[in-house]
Amino acid sequence: MKDIRLTYFNTEICFSTYFLIFFRMIGIYVHERVFRVDEEDKYVYDKENEDIINIFIIRDKLEQEKLYPYVRIEGIFLISETVENIYGEKVVIYNEESSKLWILKKIIGCLAEDYEEFNRGLSDLLLLAHIYDNNLLMETFLGTRFFIPDIVSYKKFCPRYIRSIRRIANNQEIKGDSLFADFAMAYLAYEYNYYCKRLEKVFLYDVDSILDLIQELQAQADGRWDSLVLLIAQINGDLLEKYDDALRYYLLVTDHSYNAFAWYKIGYIYKNHIGDYKRAFNCFNNAVKINPLYYRAIYHMGSCQYTLREEHRARVTFLKFISILSNKAQENVLRPMEVEYLYKTYLFLARMEYRIYGDIYRSIHWCRKAEKLWLRADADRGRNLIEHVKYNKKIIKEQFAQWVAANDVSPIRERIYSLYKSVEDEEGVQEYKKYL
């Protein structure tokens, strides 16, 4: 099964996520190559890999110019109507009125023209696209992956997984002559169970039955199928806590593929379940070489360096992490879990500046950054931090209300007051004395 490499700019994160999650749901692994408009990023990707299908998102002339060195004419191009079409026939031209479902169906059509597995499963793929869109599965995946788990979100999000699985299983129009529908059911069942695991609830779907379905898919698969191997690894690690088995499957993928996600998961197991921080750092570093904007891998790199007493390197890594998420904050695409990561990093740096470098004013700087982030999350419960159009506003508000309550800003303000007092900064003392 071929992989997809999706190339786009960080300003297109909301737009691209809809397509990325659909393809991952049906078993097509999507490698992200995300550029920042204001910087040059270097990637490890092998541009000549024949197992990769290139899809480019280009919204304006500036993006078109910057992507020129990376463009291959064999790709599929999503271009806005303001961009000149110089890319041949495999082009989807969209405007602000174009629905994402319409664009997705056009992409599927382009894929079916060139690749047998997509042509054979064309009717199933179009039905799956409608199920995906009608059940708001993009928002559901993001909600269960990047939101703080809680019972309210469970009741809002998880019924969509159940409904989608039933609609795939009971849909008489799904022919079953492709593997996409079966993979989607296995993947949705895994995601549902994993959210149950995070909430310490009993699994709804029998894990052995999911693995049996995956074994059937393996028997039918023609050639390498990285997404299937990754799903087996995730089930073993995330659901069954069989970390040795999970490592074995993740490493199978890294043997022949530039796969940032696999390296990240390997690093996570070494760091959090084995305690080998040096090896974990190397794995996270491999993930970041492939995807320089992989913020979670960068965060864990810094954490490993700090544990290994490489404080100066950890500081540089955390500053890099902050630059990435601060950029997302400016674009109003921060999710609650990303706010959590950013908040922890500000406080981490505040402690480092004070304890290691003895720089009280830099420590105050990072404490105030954390305070400001808390205030942004508290203001209208985060609506100025995230702007996904279809997100349920009530869920957003509940998520940020929970986060704000769990991260009381009072100790930070007391810390800032104490730091100002230690350097006899009367103006700062008076500013924060009112919070005591």
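Of the possible polar contacts, one joining the S227 side chain to the Y29 backbone as a donor-acceptor pair under 3.5 Å is found.
F281 places none of its side-chain heavy atoms less than 4.5 Å from the side chain of Y270. Side-chain contact check for F77 versus L67: every heavy-atom pair is 4.5 Å or farther apart. Side-chain contact between L111 and I28 is absent, with no heavy-atom pair separated by less than 4.5 Å. For the pair K66 and E63, the minimum side-chain heavy-atom distance is 4.5 Å or more.
Counted by atom type alone, Y18 and D133 present one or more donor-acceptor pairs between their side chains at under 3.5 Å. Donor-acceptor pairing under 3.5 Å is recorded for the side chains of Y190 and D238.
Taking the six-membered ring for Trp and thresholds of 30 and 60 degrees, H312 and Y357 have ring planes inclined between 30 and 60 degrees apart. Note on ring orientation: taking the six-membered ring where Trp is involved, the planes of Y154 and Y195 are parallel (angle under 30°, cut-offs 30° and 60°).
With sequence neighbours excluded, the residues that form a side-chain contact (heavy atoms from CB on, under 4.5 Å) with F15 are E12, F19, I57, R59, L78, Y94, K100, I103. Under the salt bridge (charged side-chain N to carboxylate O under 4.0 Å, His left out) criterion, R296 pairs with no residue, sequence neighbours left out.
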### Message
Using the rule given for ring-ring contact (aromatic ring centres under 6.0 Å, His included), can you reason through Y187 versus F141, listing the C-alpha separation, both sets of side-chain angles and the distance that settles it, and then say yes or no?
### Response
CA-CA 11 Å; Y187 192 77; F141 279 115; 5.8 Å; yes
### Query
Taking it one step at a time, do R224 and D226 satisfy salt bridge (Lys or Arg N to Asp or Glu O under 4.0 Å)?
CA-CA 6 Å; R224 198 180 84 231; D226 284 349; 3.2 Å; yes
Using atom types as modelled, flag every donor-acceptor pair under 3.5 Å from a side chain in residues 203-212 to any protein atom, sequence neighbours excluded.
unit_1, atom_1, unit_2, atom_2, d
D206, OD2, D208, N, 3.4
D206, OD2, S209, N, 2.9
D206, OD2, S209, OG, 2.9

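Aromatic ring centres of F35 and Y8 lie farther apart than the 6.0 Å criterion allows. Checked against the 6.0 Å centroid criterion, the rings of H300 and F321 do not qualify as a close aromatic pair.
Other residues, nucleotides and ligands place more than 12 heavy atoms under 6.0 Å from the NZ atom of K271.
Screening R313, M301, M352, Q305 for a side chain to side chain contact (heavy atoms under 4.5 Å, CB included) involving F318 leaves a single residue, M352.
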